[in-house]
Amino acid sequence: VGGLEEAKERIRQLEAKLRSLDARIPRAFPDVTGGAGFVGSHLVDTLMRAGHEVIVVDNFFTGRKQNVEHWTRHENFELIHQDIVNPIFIEVDEIYHLASPASPPHYMYNPVKTIKTNTIGTINILGLAKRVGAKVLIASTSEVYGDPEVHPQPETYWGHVNPIGPRACYDEGKRIAETLSYAYAKHDKVVVRVARIFNTYGPRMHMDDGRVVSNFILQALRNETITVYGHGKQTRSFQYVSDLVDGLIALMNSNYTQPINIGNPIEHSIEEFAFIIKKLVGGSNPIKRTKAVEDDPQRRKPDITRARLHLNWEPKVSLQVGLQRTIAYFRQELQHSVGGIVK
Ligand code: NAD
Ligand code: UDP
């Protein structure tokens, strides 16, 4: 009898231990659309490390299996190859909706597809959220402000977007994605969060995505001319990817329902940025002004008062540190690619 009681007591202790371990793991089953992309894959890393069961839905238009391959054998991870323009049937309780090309050359490559992804795709995701009762975070963008007439940009600013310009497929696509989110929230009681993401950089950015960070780093590493489009006085404010991931998770877990800017408010002109990269990489390659691009927003800097107040969030990684990590990544990628590296 003593042995039985001892065994029962041991089982009780083990059950209590299991319960306490369980309580430490947040019981969320997030889906990350676009999770094989640059931002998505970093978000997946953080969610997986926190013990969540993560499903990635991606059509690999700009994403790579390689970005998430370190999780493919993990029992908490699932990778679904699907285009979000088609309805999706999965069981989840949180959705980080990131699927959309993000760099201007990628989203301009097929403007109709970009519009479909951000409109029909977002309807599918909000419909899924409605069906399963999941909370949705929409990855919107600073591009909803267009070429802004208000500086820095607060969330209350309605924007200045050319509806028929080359950037419209993305800008208007994201604006309608926001509109859809609040329509589903109002009409169908879907719980939505809207992050207006400003220029983000870091390892796993596409080498050939044509954005300023990747272009300048590659040009500097290859000893090529650094190409500043137009006069170079246009500005951007760059945030490191880990800061963005922290902001997205804080927003998902908050009770704040209005759109919120997630970006680094330190602003640089593009010309200045070219000098910063050149100095960090080292070398004597020239910086040259080339033709300006159409509808290029002239100034961009987030007002992050809301994020500070409601999420207790602000960026932590300095441009110097973030760029050094990114340059190290590009250097490594170049070493593994055909043709090798110059510096
Ligand atoms: P990315 O191109 O690296 O990732 C996008 C991912 O979405 C890719 O894996 C791609 O294959 C996938 N995808 C695209 N269309 C799809 C479709 N129809 N169905 C399924 N998957 C699809 O871009 P990113 O920089 O990681 O951006 C992620 C999100 O953040 C995007 O929604 C983007 O608009 C937003 N955002 C990014 C930035 C930035 O600076 N990186 C700035 C503002 C907003
Ligand atoms: N840009 C540049 N040279 C390049 C690539 C971009 O001068 O090789 C400029 C571009 O005209 C814009 C800024 O850098 O003013 C940021 O461009 P990017 O495509 O990275 O993102 P955007 O903020 O315009 O979406």
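One-based numbering, in listed order, for ligands and for the atoms of each.
Between Leu98 and ligand 1, at least one N/O pair is under 3.5 Å apart. Of the polar atoms of Asn59, at least one N or O is found under 3.5 Å from an N or O of ligand 1, judged by distance alone. Polar contact check, Pro101 against ligand 1: no nitrogen or oxygen pair lies under 3.5 Å apart. Geometrically, ligand 1 and Gly63 share a nitrogen or oxygen pair separated by less than 3.5 Å.
Assignment of Phe273 to the shell around ligand 2 is not supported, since no heavy atom sits closer than 4.0 Å. Contact analysis leaves Gly121 out of contact with ligand 1, as no non-hydrogen atom separation drops below 4.0 angstrom. Not a single heavy atom of Arg64 lies less than 4.0 angstrom from ligand 1. Residue Lys174 places a heavy atom less than 4.0 Å from ligand 1. Put simply, part of Gly210 is less than 4.0 Å from ligand 2, judged by heavy atoms. Contact between Arg211 and ligand 1 is present, with at least one heavy atom of the residue lying under 4.0 Å from the ligand.
Protein heavy atom closest to atom 11 (O) of ligand 2, with residue, atom name and distance, is Asp296 OD2, 2.5 Å. The protein heavy-atom contact nearest to atom 26 (O) of ligand 1 is Val39 N, 2.8 Å. Looking only at heavy atoms of the protein, atom 5 (C) of ligand 2 is closest to Tyr229 CE1, 3.3 Å. Scanning the protein heavy atoms around atom 19 (N) of ligand 1, the nearest turns out to be Ile84 N, 2.9 Å. Residue, atom and distance of the protein heavy atom nearest to atom 3 (N) of ligand 2 are Thr227 O, 2.7 Å. Of the protein's non-hydrogen atoms, the one nearest atom 18 (P) of ligand 2 is Val212 N, 3.8 Å.
Here Glu9 pairs with Arg12 in a salt bridge; the nearest charged N to carboxylate O distance falls below 4.0 Å. Ion pair Lys130/Asp188 flagged as a salt bridge, since at least one NZ, NE, NH1 or NH2 atom sits closer than 4.0 Å to an Asp/Glu carboxylate oxygen.
Closest heavy-atom approach to atom 9 (O) of ligand 1 within the set Ile138, Asp209, Asp58, Val213: this belongs to Asp58. For atom 1 (P) of ligand 1, the nearest non-hydrogen atom from the set Val241, Thr33, Ile125, Thr62 belongs to Thr62. Summarising the contacts of atom 14 (C) of ligand 1 with Ala195, Ser41, Gly35, Ser100, the nearest heavy atom is found in Ser100. In this comparison of Glu143, Arg211, Arg167, the heavy atom closest to atom 24 (O) of ligand 2 sits on Arg167. By heavy-atom distance, the residue among Tyr170, Phe38, Phe198, Phe61 lying nearest atom 36 (N) of ligand 1 is Tyr170. Closest heavy-atom approach to atom 44 (C) of ligand 1 within the set Ala102, Ala139, Gly40, Ser140: this belongs to Ser140. Of the candidates Ile262, Ile120, Thr200, the one placing a heavy atom closest to atom 40 (O) of ligand 1 is Thr200.
Looking at Asn199 against ligand 1, only its backbone comes within 4.0 Å, counting heavy atoms. Neither the backbone nor the side chain of Glu143 has a heavy atom within less than 4.0 Å of ligand 1.
Judged by distance alone, the side chain of Thr33 and the main-chain N or O of Leu98 form a donor-acceptor pair under 3.5 Å.
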